[in-house]
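Here is the naming used below: chain letters follow the sequence lines, and residue numbers restart at 1 for every chain. Just the heavy atoms: all of them, side chains too, but no hydrogens, waters or symmetry mates, feed the values below.
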Amino acid sequence: LRSKSGRVLSDDVVKDLADRMERGYEPDHLQPRKGGRPPWGEDHPSPRIQVGRRPFRMEGLLQSARWKGVRRMAETRVVPLPYRREGTWSFDPAAELARLRAEEPVVRYPLPNGGHAWLVTRYADAREVLGDSRFSNALAPSTLLRPREGDEVVQDDEPQPGAFIVFDPPEHTRFRRLLTPEFTIRRMNALRPRIEEIVAQHLDAMAAAGPPADLVQAFALPVPSLVICELLGVPYADRAEFQSLTGAALDLTLPQRRSLEVFGELASFMLAFVARERRDPGPGLLGDLVREHGDQFTDPELGGIGGLLLLAGHETTANMLGLGTLLLLQHPEQLAAMREDPEAVDPAVEELMRYLTIVPHGVVRTATEDVMVGGQLIGAGEYVIVHLPSADRDRSLCAEPDRFDITRAPGAHVGFGHGIHYCLGAPLARLEMQIAFPALLRRFPGLRLAGTDTEVAFRTMSAVYGLDALPVAW
Amino acid sequence: MRVTVDRERCIGSGRCALRVPRVFDQDDEDGLVVLLESAPPAELHDAVRQAAASCPSGAIRADEDGAGSD
């Protein structure tokens, strides 16, 4: 047994930990002291060494054999509950989540390495956890929900520098404050003409090639990908490499070791880019950061910022465009309203965000002290998974939450999260969707599904839900 | 209605500026909220309440009992 950095655990240590856990104890690293300080203190490397031979106390769906498949086998495996969808077109969160929301709103959820997290499914509880500084984004390992291979448990020893989504204040604040002015409504609106141009170019190309087309490859993926590349200054010519890396980074079937390797590869890709920007800062956001704040950030930090924004900037919007189009195609009257009525577009985008909520959960939170949530005690050091799609189908948010209705008054959905980690790029994502959906529907008023229903490829085993393929004709 | 904003809490999500641009704006320098109208007219009260409720960082307060309403 060894950690990612190669530290080998003696059999005695393993046996001791395994025995303690068998008696119901959690590993020490799950239990920071009161006040949030990890028990190993500030000056010691964290003992995030992992314990094998953990007795399985998991639901059937999490048993290791099911996790051992290869990629593209998602259809044949049982999808873990937080990622499971329901319904003819798999738009809805799993029915089991609705039951939990009604009966067990804060429930133990078993983890691949043993132990458990608390799964939070109600809207009010979700907002409470996400808005409460007693929950840390920095303590849960990134591989927490990734399957392990055999007895090997692999975790990150050090968080990726610059990946401020897994930082807490004040370190989080240092990054977020510098990036916030880059994503104001005004800065985003200045991008509008260029986004419209990119959208039009891709629609032109689709029209020129003629039907049928895979809307994901022809439109939904390349538009946000190109936009975020231009915004950051990352060469779009490198897209084959980073698109495969970001896709893999979200792939829930990748075992822990491979998952960390992919994040390492993404970091290397971004480091090479940062080195070029240091020599010759370009016109993008990273060039700006080098010019204006270059002395405040290390290269790995700049790479971490860039990698996070690249990942977040196209994997999310791309899936909203693909899945959102499929949803609109199932509701022709609402599709027509979005196409014909400019006033309908903004509330429609909010309803698409609420109804689809494609990010099942953000960073897993860790309680830094005992906290009551929805009547359940969350102990210091325990993990919390806030289920965003379930929260957005809670009747306390809106009436008839399972009905898709673009005429709703926009409420405070949690599709972009809540609290200090609320999506930094939300204004960009909103703008891209507000431009892309009506432009697509106006260019192809006869847009329809092509081929058979089974050719719509749902991305069931991804940390961001969406479509791998959407064959359309017009 | 009396509106107050807390720029220390604000994370610059821009939801309020997008929803009620007559009352809220964003500072170009730091991206954080700028309050344009602390006593908004009655027809904006619903929208302001919505903006306060949906602010991700809880940086907006809309007090109903203010003498400044209307």
| field | Test ring-ring contact (aromatic ring centres under 6.0 Å, His included) applied to A:Phe404 - qualifying residues, sequence neighbours left out | value | A:His331, A:Tyr355
| Looking only at heavy atoms, what is the nearest atom pair of A:Ala412 and B:Ser54, with distance? | CB-CB, 3.2 Å
| note | Nearest heavy-atom contact between A:Ile185 and B:Gly14 is CD1-O, 3.5 Å
| note | Smallest heavy-atom separation, B:Gly12 atom then A:Thr180 atom, equals CA-CG2, 3.7 Å
| note | Checked A:Leu424, A:Thr184, A:Val414 vs chain B; the most non-hydrogen pairs under 4.5 Å come from A:Thr184
| Taking side chain as C-beta onward, heavy atoms only, is B:Leu18 less than 4.5 Å from A:Arg430? | yes
| request: Answer yes or no: are there more than 12 heavy-atom neighbours, outside A:Arg291 itself, under 6.0 Å from its atom CZ? | output: yes
| message | So for atom CZ, which belongs to A:Arg395, do other residues, nucleotides or ligands contribute more than 12 heavy atoms lying within a distance under 6.0 Å? | response | no
| Non-hydrogen side-chain atoms of A:Arg177 and B:Ile11 separated by less than 4.5 Å | no
| Is a side-chain donor or acceptor of A:Arg186 paired with a backbone partner of B:Gln26 at a separation under 3.5 angstrom? | yes
| field | Interatomic distance, A:His421 atom NE2 to B:Ser57 atom OG [nearest 0.5 angstrom] | value | 12.5 Å
| said: Is B:Asp30 in contact with chain A via its backbone, its side chain, both, or neither, using a 4.5 Å heavy-atom distance? | reply: backbone
| said: Check this for me: B:Glu8, atom CD, are more than 12 non-hydrogen atoms of other residues, nucleotides or ligands nearer than 6.0 Å? | reply: no
| query | Taking C-beta and beyond as the side chain, do B:Arg15 and A:Tyr422 meet within less than 4.5 Å on heavy atoms? | reply | yes
| message | Check whether B:Gln50 reaches the backbone of A:Gly411 with its side chain - one donor and one acceptor, N or O, closer than 3.5 Å. | response | no
| said: How long is the straight-line distance from OG of B:Ser13 back to CZ of A:Phe183, given to the nearest 0.5 Å? | reply: 13.5 Å
